[in-house]
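All remarks here apply to the structure that follows.
Proteins come first, then strands; the chains are lettered A, B, ... in the order of their sequence lines, and each starts at number 1.
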There are 2 protein chains.
Amino acid sequence: MSSSTPHLHIADHDHAKCVAGALAAARDVCAQRGERFTELRGRVLELVWESHRPIGAYAILERLRADGRSAAPPTVYRALDFLMSVGLVHRIESLNAYIGCAHPGQRHASQFLICTDCGTAVELDDPAVAGALAQAAEKRGFKVEARVVELSGHCASCAQG
Amino acid sequence: MSSSTPHLHIADHDHAKCVAGALAAARDVCAQRGERFTELRGRVLELVWESHRPIGAYAILERLRADGRSAAPPTVYRALDFLMSVGLVHRIESLNAYIGCAHPGQRHASQFLICTDCGTAVELDDPAVAGALAQAAEKRGFKVEARVVELSGHCASCAQG
DNA sequence: TCACTTTCGATATATTATACCGCGCTCGCA
DNA sequence: TGCGAGCGCGGTATAATATATCGAAAGTGA
């Protein structure tokens with residue numbers, strides 16, 4: 001584990017497989033929806049999946065440039081906007097950062113647990129939370145269109161693992 | 001109702017009372033905590049309470065300048081940071097904006113219903129939601145330190161009022 | 001091949017937020 | 001009542017994040 005990933009205890013997992021799976025799922029989703037999964041979009045998705053920590057748009061930009069590619073902010077934001085529009089990437093509002101979607105292709109209302117020690121963000125799809133939110137909104141006649149649910153704190157490993 | 005507040009159906013309320021109440025509560029909270037409730041902080045809090053719609057830092061800045069006051073971004077951010085630190089103001093992450101706390105002085109885990117039509121944000125303190133979130137986190141050994149729960153959509157009035 | 005649409009490069013600029021410095025006021029305390 | 005320590009704030013500069021716009025290139029479908 002590199003020093004840049006303290007306590008990344010989503011360890012014990014084959015991350016290459018994560019990335020490959022995400023890319024494969026992306027191809028599927030885009031094919032199904034008749035969207036073009038271009039080389040740039042693929043590369044950006046790959047960078048977003050580089051780790052399980054949300055990554056900023058400008059960090060992605062740096063990496064694209066490191067590839068030798070000419071890139072400017074719009075390059076990144078366009079790709080991210082596309083990836084979010086097809087549900088392959090989520091934006092973490094409290095960090096102004098982006099993370100790969102854990103359940104691409106499926107409709108889901110996700111929640112994030114963000115560890116402020118190791119930086120990892122875990123995506124949940126907890127039905128009890130989703131249900132409680134839906135009820136709270138309905139009780140007030142509110143029609144929900146978008147949800148931002150982000151809990152920050154210490155993951156199990158960092159809290160004392 | 002001004003054209004700048006379409007469908008503000010938190011109507012039927014004496015907003016001056018809202019503001020006065022918020023300022024009084026602020027004085028109390030600061031007194032209790034031995035914090036200084038300065039004129040600037042009071043004015044910023046008042047501006048945040050100008051409506052029930054989240055307001056951006058730079059909008060606050062403009063209003064301060066309209067007062068004839070000399071002010072720069074740090075002026076506003078310092079005041080907002082203070083007000084948030086004592087729990088008088090919340091930040092709405094999905095809007096990069098700020099709103100007065102509906103339950104100052106009380107510990108609470110709030111959720112926001114943000115209407116994309118009229119711009120109002122209603123603060124809830126729904127125990128079922130709070131409970132579901134606590135459980136979801138605990139189940140995974142996650143120690144929660146901060147919560148961001150923001151639902152966007154259409155309020156009862158705007159959805160069809 | 002041609003017309004059409006989408007994607008991308010490129011430049012400029014907008015929006016939101018913070019780092020830093022120094023002064024003066026306030027408050028606690030002798 | 002004077003003093004020192006800390007806090008609040010004015011002010012400048014700059015960082016970090018995001019968007020508007022335009023034209024060229026590449027893919028798509030007839």
Would you kindly check if the NZ (Lys) or CZ (Arg) of Arg41(B) is within the cone defined by 45 degrees around the ring axis of Phe82(B) and under 6.0 Å from the six-membered ring centre?
yes
Is [Y] reachable from [X] through a run of I, L, V, M, F, W or Y residues, each pair having side-chain heavy atoms under 4.5 Å apart?
| X | Y | result |
| --- | --- | --- |
| Leu45(B) | Leu40(B) | yes |
| Leu133(B) | Val148(A) | no |
| Met84(B) | Ile55(B) | yes |
| Val19(A) | Val122(A) | no |

By salt bridge (Lys or Arg N to Asp or Glu O under 4.0 Å), Glu35(A) pairs with (sequence neighbours left out) none
Nucleotide interval of DNA chain C bounded by contacts with chain B (heavy-atom cut-off, under 4.0 Å)
dT16(C) to dT26(C)
Please state whether the rings of His15(B) and Trp49(B) are parallel, tilted or perpendicular, taking 30° and 60° as the class boundaries.
tilted
With the sugar-phosphate defined as primed atoms, P, OP1 and OP2, and the base as all remaining atoms, what B/S/- string results for nucleotides 5-18 of chain D, 5' to 3', for protein heavy atoms under 4.0 Å?
---SBBBB----BB
Which residue pairs pass the side chain to side chain donor-acceptor pair (under 3.5 Å) test when at least one of the two sits in residues 57-67 of chain B, sequence neighbours left out?
Arg43(B)-Asp67(B), Glu50(B)-Arg63(B)
Under 3.5 Å, sequence neighbours excluded: what are the donor-acceptor pairs made by side chains of residues 92-102 of chain B?
residue, atom, partner, partner atom, Å
Glu93(B), OE1, Arg91(B), NE, 3.2
Glu93(B), OE2, Arg91(B), NE, 3.2
Ser94(B), OG, Glu150(B), OE1, 2.5
Asn96(B), OD1, Arg91(B), NH2, 2.9
Tyr98(B), OH, Arg91(B), NH1, 2.8

Can you confirm whether or not the ring centre of His108(A) sits under 6.0 Å from the ring centre of His90(A)?
yes
Intra- and inter-strand pairs of DNA chain C in dot-bracket (Watson-Crick or G-U wobble, both distances under 3.5 Å; | for another strand)
||||||||||||||||||||||||||||||
